[in-house]
Every structure is written in C-alpha cells, then in structure tokens.
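Lettering follows sequence order; numbering is per chain, from 1. Heavy atoms only: backbone and side chains are in, while hydrogens, waters and symmetry mates are out. Please read all numbers here as calculations on a predicted model, not as lab measurements.
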Amino acid sequence: MDVPTGRLAMWWVLASETVIFGGLLGSYVMMRLRHGAWADQAANTNTWTGAFNTLVLLTSSLSAVLAHQAAERGDGLKAARLLRCTILGGGVFLMVKAFEWTHEITEGFTITSGLFWSFYYTAAGLHAAHVVAGMVIMFIVSLTAARNEELHRVENVGIYWHFVDVVWIFLFPLLYIAK
Amino acid sequence: MAERAHTDAPHHDETSYVAIWGVLCALLGVSVLGPMAGVRLLTLITAFGIAIVKAYMVCRYFMHLNIEKKWVAYILGFMLAIMLVFFGGVAPDVLRPEGLRWQKTYVEPATAGGER
C-alpha cells in the first residue's frame, strides 16, 4: 500500500480516536440541544482563556509541522529543537488549563455541578490527557531525532499532535463560545 | 531499518506554513469576535463554520492529508460517517422528553452557579 508502517499505525490510531472524541462531542451536542439551561452554565467559562489556548495549540502545530519539514531535509537537530518548542506549547496549554480549572473549582463549578460541567471536565480532561501523552512521546522522539536517527517518527508524532489540535478546534466553540 | 519520511509530494516552504498559521490565527480572531455581535446565525457561522474551516486547513496543510493516500481520508471519513449514524440513531430519543414506555425524570438545575 506504499505507506510506511509507522504512519499507517498512526492513521489507525487517529481513526479510533475520531470515534472516541466524535462520540463525546456528538453526545455533547445532543444533550446541549435538549437542555437550554446549559447556555447559562457555559456562560461561566472564560472565552479569552479558551481562545489563548487555541492560539497556543495552533502555534505548537506550526512548530510540529516545521519539525517534520526539518526532518525531511535530514536536519535532525533542528527537528528536535522544534519538537521541544511544541512540547513547550503543550506545557503552556496545560498550565493555563490548570489555572482555569482551579479558578472554576474554587468558584464551585465541579464535575458534579450539572451535566454541562460533567461534559466540560470529561471532554477537556480527556483532551488534556492526550496533550500529556503527545508531550511524552514527542520528548522521546526528539531524543532520537537529535542524533539524526529514526527521523520518520517526527512526522508520525506530528500527525498525532495536529489531531489533538483539531479536537481542540471543535471543543473551543462548544465549551467557550456557544453561550 | 529506518522508515523514510513523507517525501513523495511537493511541500510547502517555511514561509507558507507560517502564512497558513497566520490565516488560522485570523480565523480564530473572527470566531471569537463574531459571536460578540449577539446574532445567533452569525455565532453559528463564525464559531462552528470557522471551526470546520480551521480543522480542514490543519488536516490539509499540516497533516498533509491532501497528499496522503486517498484511502487514509476514506478511513477517517468512514469513522465520521459512523458518528453521524450514531447521532442520527440516538438523537431522536435523547431530544424527546418521553417515549412509549419511558419518561425523562432528570431536571437540570435552574441556577447558573455550581455547588458551593
């Protein structure tokens, strides 16, 4: 089929992830249409925080694709540096999320405060877990890339990261804008 | 043996990737500012319509789906189709308050605040 095994495996992973996140988002939309009160609850999320995190993830996707480009050119060191920039982006995203959740929980909005907040913490938490996984894998890949070894992995981990970005692109309007 | 990188198609240079990122950021700005007008249709278009455009751009230009083997897009498309079947099959029941032998008893808390 002329697709490297690693990349093929990555696409299959993303196919299964599509169903996981698709099911979650589909359920959210259904419940949201049923419960008008969710708009009031969603009004307590901070749009600017969500927008900033979207900007951070978009920027980290840029560094991931530039790392892939550097790997294609055989520049493993540059690819490793750019992957670490992407990891930094993931770190900033998680830090902002941590502050945001701390604020919301302090305000009394916990996972048991209503259906909206249950979805909010489940969807954003599952997404954050994927960000953490991506950061760990990216760090391991950056170690080998810095030695100019296994450069194809840079593209594979990049594809994963872009998918995480795409998921957030849909979570952002659902959780932060539709009020 | 190390696998080769994805090199079987024309690629964007650094400048065009940055340009694509710039367009994505501009779209993000529109999706944040659009709903501030308070018009429902405009909110739907700017928030969700632009989300679809942004996702398409990331898939096409960053994930390189445009130059990937066609069946990869078919697999992902098939998964999305499964989600639509799920939605279409479940939504009619979820969106109704009662059925032939069942009734929803859950009541969403009326207050906007959470538990304190």
Closest non-hydrogen atom pair, A/Q69 against B/Y17: NE2-CE1, 3.6 Å
Single-linkage hydrophobic cluster B/V23~B/I20, side-chain heavy atoms < 4.5 angstrom: yes
Contacting region of A/W161 [heavy-atom separation from chain B under 4.5 Å]: neither
Derivation of the side chain to side chain contact (heavy atoms under 4.5 Å, CB included) call for A/L174 and B/F48: CA-CA 8 Å; A/L174 284 173; B/F48 297 103; 3.5 Å; yes
Gap separating the OG1 atom of B/T43 from the CD1 atom of A/I177, nearest 0.5 angstrom: 8.5 Å
Partner chain B: residue of A/L14, A/T18, A/V154 with the largest heavy-atom pair count (under 4.5 Å): A/T18
Sub-4.5 Å side-chain heavy-atom contact between B/I52 and A/F170: yes
Within one Ile-Leu-Val-Met-Phe-Trp-Tyr cluster: A/L88 and A/I137, side-chain cutoff 4.5 Å: no
Joint hydrophobic cluster, B/L80 plus B/V72, side-chain heavy atoms closer than 4.5 Å: no
Minimum side-chain heavy-atom gap A/W11-B/M63 below 4.5 Å: yes
Stepwise side chain to side chain contact (heavy atoms under 4.5 Å, CB included) test for A/L25 and B/M83: CA-CA 10 Å; A/L25 297 187; B/M83 297 324 304; over 6 Å; no
Which atom of A/L55 lies closest to which atom of B/C25, heavy atoms considered: CD1-SG, 3.4 Å
Engaged part of A/T59 at the chain B interface, taking heavy atoms whose separation is under 4.5 Å: both
Where A/P173 and B/A51 come nearest, the two heavy atoms and their spacing: CG-CB, 4.0 Å
B/F86, CZ atom: more than 12 neighbouring heavy atoms under 6.0 Å: yes
Atom pair CD1 (A/I169) and CE (B/M57), whose distance is rounded to the nearest 0.5 Å: 9.5 Å
Rounded distance (nearest 0.5 Å) linking atom NZ of B/K54 with atom CZ of A/F172: 6.5 Å
Heavy-atom closest pair, residues B/A55 and A/V166: CB-CG1, 3.9 Å
Whether over 12 other heavy atoms sit under 6.0 Å from B/F87 CZ: yes
Straight-line distance of B/W21 CH2 to A/S61 OG, nearest 0.5 Å: 12.0 Å
Side-chain touch A/I159/B/H64, heavy atoms, less than 4.5 angstrom: no
Shortest non-hydrogen separation from B/L33 to A/W48 and the atoms involved: CD2-CH2, 4.5 Å
Joint cluster assignment, A/V167 & B/L84, ILVMFWY side-chain distance < 4.5 Å: no
Distance (rounded to the nearest 0.5 Å) between B/E68 CD and A/R7 CZ: 4.0 Å
Option that, when pairs with chain A are counted at under 4.5 Å, heavy atom only, ranks first among B/L65, B/L24, B/L28, B/I50: B/L28
CG-CZ distance between B/L95 and A/R32, expressed to the nearest 0.5 angstrom: 13.5 Å
Which portion of B/R96 sits near chain A, non-hydrogen atoms under 4.5 angstrom: backbone
Test item: A/Y176 and B/V32 side chains (from C-beta on) under 4.5 Å apart, heavy atoms: no
Per-residue contact mode, B/V94 against chain A (heavy atom under 4.5 angstrom): both
Verify same cluster id: A/L77, A/V65 (apolar side-chain graph, 4.5 Å): no
